[in-house]
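Everything numeric here is computed off the predicted structure, so don't read it as measured data. Note: hydrogens, waters and symmetry copies are ignored here, and every other heavy atom, side chains too, is used. Positions are given from 1, in the same order as the sequence printed here.
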Amino acid sequence: MTSAPTRERSRRETAWFVAALAGALLVYNSTAQLVPGYNAAYVPMNLLATGGVLFIGLHFGLSTGEMGLARQHVRTGAVWGLVIVVLAALVLAMAVAISPLRPLLDDERMAGIGPGLVAYRTLVRIPLGTALFEEVAFRGALLGASLRLASPVTAALANSVVFGLWHIRPALDLLDANGLGSGGASRLGLMIGAIGLTAAAGCLFCLLRLRSRSLLAPLLAHVGINSLAVLAAYSVTG
């Protein structure tokens with residue numbers, strides 16, 4: 001039987017692992033754009049980072065089940081993920097079809113780009129460069145380790161807060177690209193709103209991961225929502 005000091009030490013080590021991983025992820029996303037040729041290197045850099053997170057998680061002692069990678073749950077994960085993709089497609093199709101809602105999809109980053117770049121973003125950049133890395137990091141290693149320390153609800157909420165903070169840099173880029181929030185107060189308000197929305201998305205992805213026990217569920221949902229949103233924005237703005 002494991003002694004009490006060993007259990008406490010294990011919890012302490014796990015807490016340090018969670019804090020270090022969360023901090024490293026936030027630093028990475030805030031500084032990666034400083035790398036020369038970042039846009040061209042985005043996918044390979046994040047694929048390398050994905051492999052690094054997997055290695056670190058497994059080396060720390062997380063099991064494939066704790067990271068949502070157990071093969072016996074793949075089918076359940078696929079079903080849950082595809083349900084969310086279908087729902088997202090319906091919502092976005094309605095937004096494109098209903099004129100008063102179309103401005104919500106407007107994104108100046110889509111203006112003037114060709115179908116080839118849209119295909120690259122939806123089929124390569126988002127699935128391999130964005131969703132895969134974020135799901136392995138947040139709903140895989142970070143959530144798996146956090147569940148050793150806290151209840152599923154607490155672990156999911158903490159995970160989602162970090163996920164919201166992770167999107168500060170992308171949110172700033174979105175605001176700048178669309179000329180939004182030029183004033184200090186309005187910019188801060190939009191930033192808080194963006195963090196809240198991405199944290200809510202993180203809660204959804206955590207729920208899918210916990211309900212299905214598979215990382216495939218949030219991965220499919222993440223790819224579907226982001227890629228369909230790009231297609232919807234392109235249909236409105238492009």
Exercise for the section: Would you mind reporting whether Leu143 and Phe138 have side-chain heavy atoms less than 4.5 Å apart? Expected result: no
Handout entry: Common cluster, Val223/Leu117, ILVMFWY with side-chain heavy-atom separation under 4.5 Å
Key = yes
Handout entry: Close side-chain approach of Asn159 to Cys206, heavy-atom, < 4.5 Å
Key = yes
Handout entry: Donor-acceptor contact present, side-chain Ser212 to main-chain Gly77, <3.5 Å
Key = no
Completion exercise
Between the CZ atom in Arg209 and the NE2 atom in His73, the distance rounded to the nearest 0.5 Å is 8.5 Å
Practice task
State, yes or no, whether a side-chain contact exists between Leu204 and His222 at a heavy-atom distance under 4.5 Å.
Solution key: no
N/O donor to acceptor pairs below 3.5 angstrom from side-chain atoms of residues 46-61, sequence neighbours left out:
| unit_1 | atom_1 | unit_2 | atom_2 | d |
| --- | --- | --- | --- | --- |
| Asn46 | OD1 | Tyr28 | OH | 2.7 |
| Asn46 | ND2 | Gly129 | O | 2.5 |
| Thr50 | OG1 | Asn46 | O | 2.7 |

Exercise for the section: Verify the cluster assignment for Leu197 and Val161: are they in a single hydrophobic cluster under the rule of side-chain heavy atoms below 4.5 Å apart? Expected result: no
Give the table of side-chain donor-acceptor pairs shorter than 3.5 Å for residues 79-87, with sequence neighbours excluded, one pair per line with atom names and distance.
none

Handout entry: Gap separating the OG1 atom of Thr130 from the CD atom of Glu134, nearest 0.5 angstrom
Key = 6.0 Å
Problem - Check against side chain to side chain contact (heavy atoms under 4.5 Å, CB included), Leu62 and Arg148 - result: CA-CA 10 Å; Leu62 295 175; Arg148 292 185 176 184; 3.9 Å; yes
Handout entry: Thr154 side-chain N/O to Ala150 backbone N/O, donor-acceptor pair under 3.5 Å
Key = no
Problem - CZ-CG distance between Arg12 and Leu149, expressed to the nearest 0.5 angstrom - result: 12.0 Å
Problem - Check: Arg102 side chain, Val96 main-chain N or O, donor-acceptor pair, under 3.5 Å - result: yes
Exercise for the section: Would you mind reporting whether Leu101 and Met94 have side-chain heavy atoms less than 4.5 Å apart? Expected result: no
Problem - Single-linkage hydrophobic cluster Leu208~Leu210, side-chain heavy atoms < 4.5 angstrom - result: no
Exercise for the section: Could you tell me which residues satisfy salt bridge (Lys or Arg N to Asp or Glu O under 4.0 Å) with Arg139, sequence neighbours excluded, listed by chain and number? Expected result: Glu135
Practice task
Compare all side-chain heavy atoms of Cys203 with those of Leu157 and state whether any distance is below 4.5 angstrom.
Solution key: yes
Practice task
Give the cluster check for Tyr120 versus Tyr38: same hydrophobic cluster or not, with ILVMFWY residues linked at side-chain heavy-atom distances below 4.5 Å.
Solution key: yes
Handout entry: Donor-acceptor contact present, side-chain Ser235 to main-chain Ala232, <3.5 Å
Key = yes
Handout entry: Side-chain (His167) to main-chain (Phe163) donor-acceptor, under 3.5 angstrom
Key = yes
Problem - Thr237 side-chain N/O to Tyr234 backbone N/O, donor-acceptor pair under 3.5 Å - result: no
Fill in the blank from the handout: CG (Asn29) and CG (Leu165) are apart, to the nearest 0.5 Å, by 11.0 Å
Problem - Test item: Leu25 and Val162 side chains (from C-beta on) under 4.5 Å apart, heavy atoms - result: no
Problem - Main-chain N/O of Gly224 paired to Ser227 side chain as donor or acceptor, under 3.5 Å - result: no
Problem - Flag side-chain contact, heavy atom, 4.5 Å: Arg213 against Thr76 - result: no
Exercise for the section: Report yes or no: do Val91 and Phe205 belong to one cluster of Ile/Leu/Val/Met/Phe/Trp/Tyr joined by side chain heavy-atom distances under 4.5 Å? Expected result: no
Exercise for the section: Could you pull out the closest heavy-atom pair between Leu105 and Ala95, with the gap in Å? Expected result: CD1-CB, 3.8 Å
Handout entry: Side-chain donor or acceptor of Ser146 paired with backbone N/O of Ala155 under 3.5 Å
Key = no
Handout entry: Any donor-acceptor pair under 3.5 Å from Asn226 side chain to Ala131 backbone
Key = no
Exercise for the section: Locate the shortest heavy-atom distance separating Val18 from Ala145; write the atom from each residue and the value. Expected result: CG2-CB, 3.7 Å
Handout entry: Ser63 backbone acceptor or donor facing Glu66 side chain under 3.5 Å
Key = yes
